[in-house]
Amino acid sequence: ISVSATATDAAGNASGAGTTSFTLDTAAPTAPTLALGTGVSNGATAGEATAATGVVTVTAETGATTVVTFTNGINTVSKAVTGNGSTPVPVELTSAELTTLGDGTISVSATATDAAGNASSAGTTNFTLDMVAPTMPTLALGTGVSNGATTTEAIATTGVVTVTAEAGATTVVTFTNGSQSVSKTVTGNGSTPVAVVLTGAELTALGDGTISVSATATDAAGNASGAG
């Protein structure tokens, strides 16, 4: 908008024009779009939440001051970024901010305010923050195995070993004779042990002798336990 002003005195003498201009902007930005960062849909680990690629990304009007707010329902963390049009902007959290939020469901909202001061409505999403690794799985020998496992005992449906691991955790049980290894993947079932069964071909690969067994559990968020 161009503005000009002239002054005319009582005698009728008119001044030259003073001028200025300004931009009239009465339209608020559209609500920002939030998207979860890499690996976050199954739960965000500390590594994913602090990654430079962002625990979330936000797409907002170019140049708009965009405030992204994270809350666990009690504690809140706010991060300000600048909108970059159709290019998503990563929003990362610090370790201290993760401590403030803690594990659990994190609600996220974002509002964009343009240079004129018009504020958008809020875009929203949520994710689960899970920074705690599963406890170390517990392994137990199957029926009759403590005195040495026969072929029948090793391939029995009751398991050559059983493993107790966090419910839902992907649990990898590795058997090795020192030179050859066999890995079996089962799903943890909480306090209920899960049978781990070897096949005839796997017994052939391992051969007779001392077999060392270890197990690690990885939860849905990607946190890995120590080895049992």
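All residue numbers refer to positions in the sequence shown, counting from 1. The structure displayed is predicted, hence computed values, not measured ones.
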Nearest 0.5 Å, what's the [atom1]-[atom2] distance between [X] and [Y]?
X: Thr45; Y: Asp130; atom1: OG1; atom2: CG; value: 8.5 Å
X: Thr135; Y: Glu166; atom1: OG1; atom2: CD; value: 7.0 Å
X: Leu198; Y: Thr151; atom1: CG; atom2: OG1; value: 10.5 Å

Do you know which two heavy atoms are closest between [X] and [Y], and how far apart they sit?
X: Asn223; Y: Pro134; value: O-CD, 3.2 Å
X: Ala154; Y: Leu203; value: CB-CD2, 3.5 Å
X: Thr30; Y: Ser120; value: O-CB, 3.5 Å
X: Ala224; Y: Ala133; value: O-CB, 3.3 Å
X: Ala60; Y: Pro32; value: CB-CB, 4.1 Å
X: Asn177; Y: Ala205; value: ND2-O, 3.9 Å

Can you list every side chain to side chain donor-acceptor pair (under 3.5 Å) pair that touches residues 186-195, not counting sequence neighbours?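 Non-adjacent pairs meeting side chain to side chain donor-acceptor pair (under 3.5 Å): zero.
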
By the salt bridge (charged side-chain N to carboxylate O under 4.0 Å, His left out) test, which pairs, at least two apart or in different chains, include something from residues 168-186? Lys184-Glu202

Can you name the residues that form a side chain to side chain contact (heavy atoms under 4.5 Å, CB included) with Pro88, not counting sequence neighbours?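 By the side chain to side chain contact (heavy atoms under 4.5 Å, CB included) rule, Pro88 matches Thr57, Thr59.
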
Transitive ILVMFWY cluster of Phe70, excluding itself - 4.5 Å side-chain cut-off: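 Direct or chained contacts put Phe70 with Leu34, Leu36, Val40, Val55, Val56, Val58, Val68, Val77, Val81, Val89, Val91, Leu93, Leu98, Leu101, Ile106, Val108, Phe127, Leu129, Met131.
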
With a cutoff of under 4.5 Å between side-chain heavy atoms, which Ile, Leu, Val, Met, Phe, Trp and Tyr residues group with Val197?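 Besides Val197, the cluster holds no residue at all.
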
Are the side chains of [X] and [Y] in touch, meaning some heavy atoms are under 4.5 Å apart?
X: Asn118; Y: Pro29; value: yes
X: Thr124; Y: Ser107; value: no
X: Thr94; Y: Lys79; value: yes
X: Ser183; Y: Thr174; value: yes
X: Leu206; Y: Val182; value: yes

Exam field: side chain [X] to backbone [Y], donor-acceptor pair closer than 3.5 Å:
X: Thr100; Y: Ala96; value: yes
X: Thr176; Y: Gln180; value: yes
X: Thr62; Y: Gly85; value: yes
X: Thr71; Y: Asn75; value: yes
X: Ser15; Y: Ala7; value: yes

Steps toward side-chain contact (heavy atoms from CB on, under 4.5 Å) verdict (Thr105, Asn72): CA-CA 6 Å; Thr105 300; Asn72 62 6; over 6 Å; no

Do Leu139 and Met136 sit in one hydrophobic cluster, given that two such residues count as connected whenever their side-chain heavy atoms are within less than 4.5 Å of each other, even indirectly?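 In one cluster with Leu139: Met136, no.
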
Tell me, please, which residues at least two apart from Glu92 pass salt bridge (charged side-chain N to carboxylate O under 4.0 Å, His left out). none

In terms of heavy-atom contacts, does CG of Asp208 have more than 12 from other residues, nucleotides or ligands at under 6.0 Å? no

When you look at Ser78 and Thr76, which way does the side-chain contact (heavy atoms from CB on, under 4.5 Å) test go after all the steps? CA-CA 7 Å; Ser78 292; Thr76 297; 4.3 Å; yes

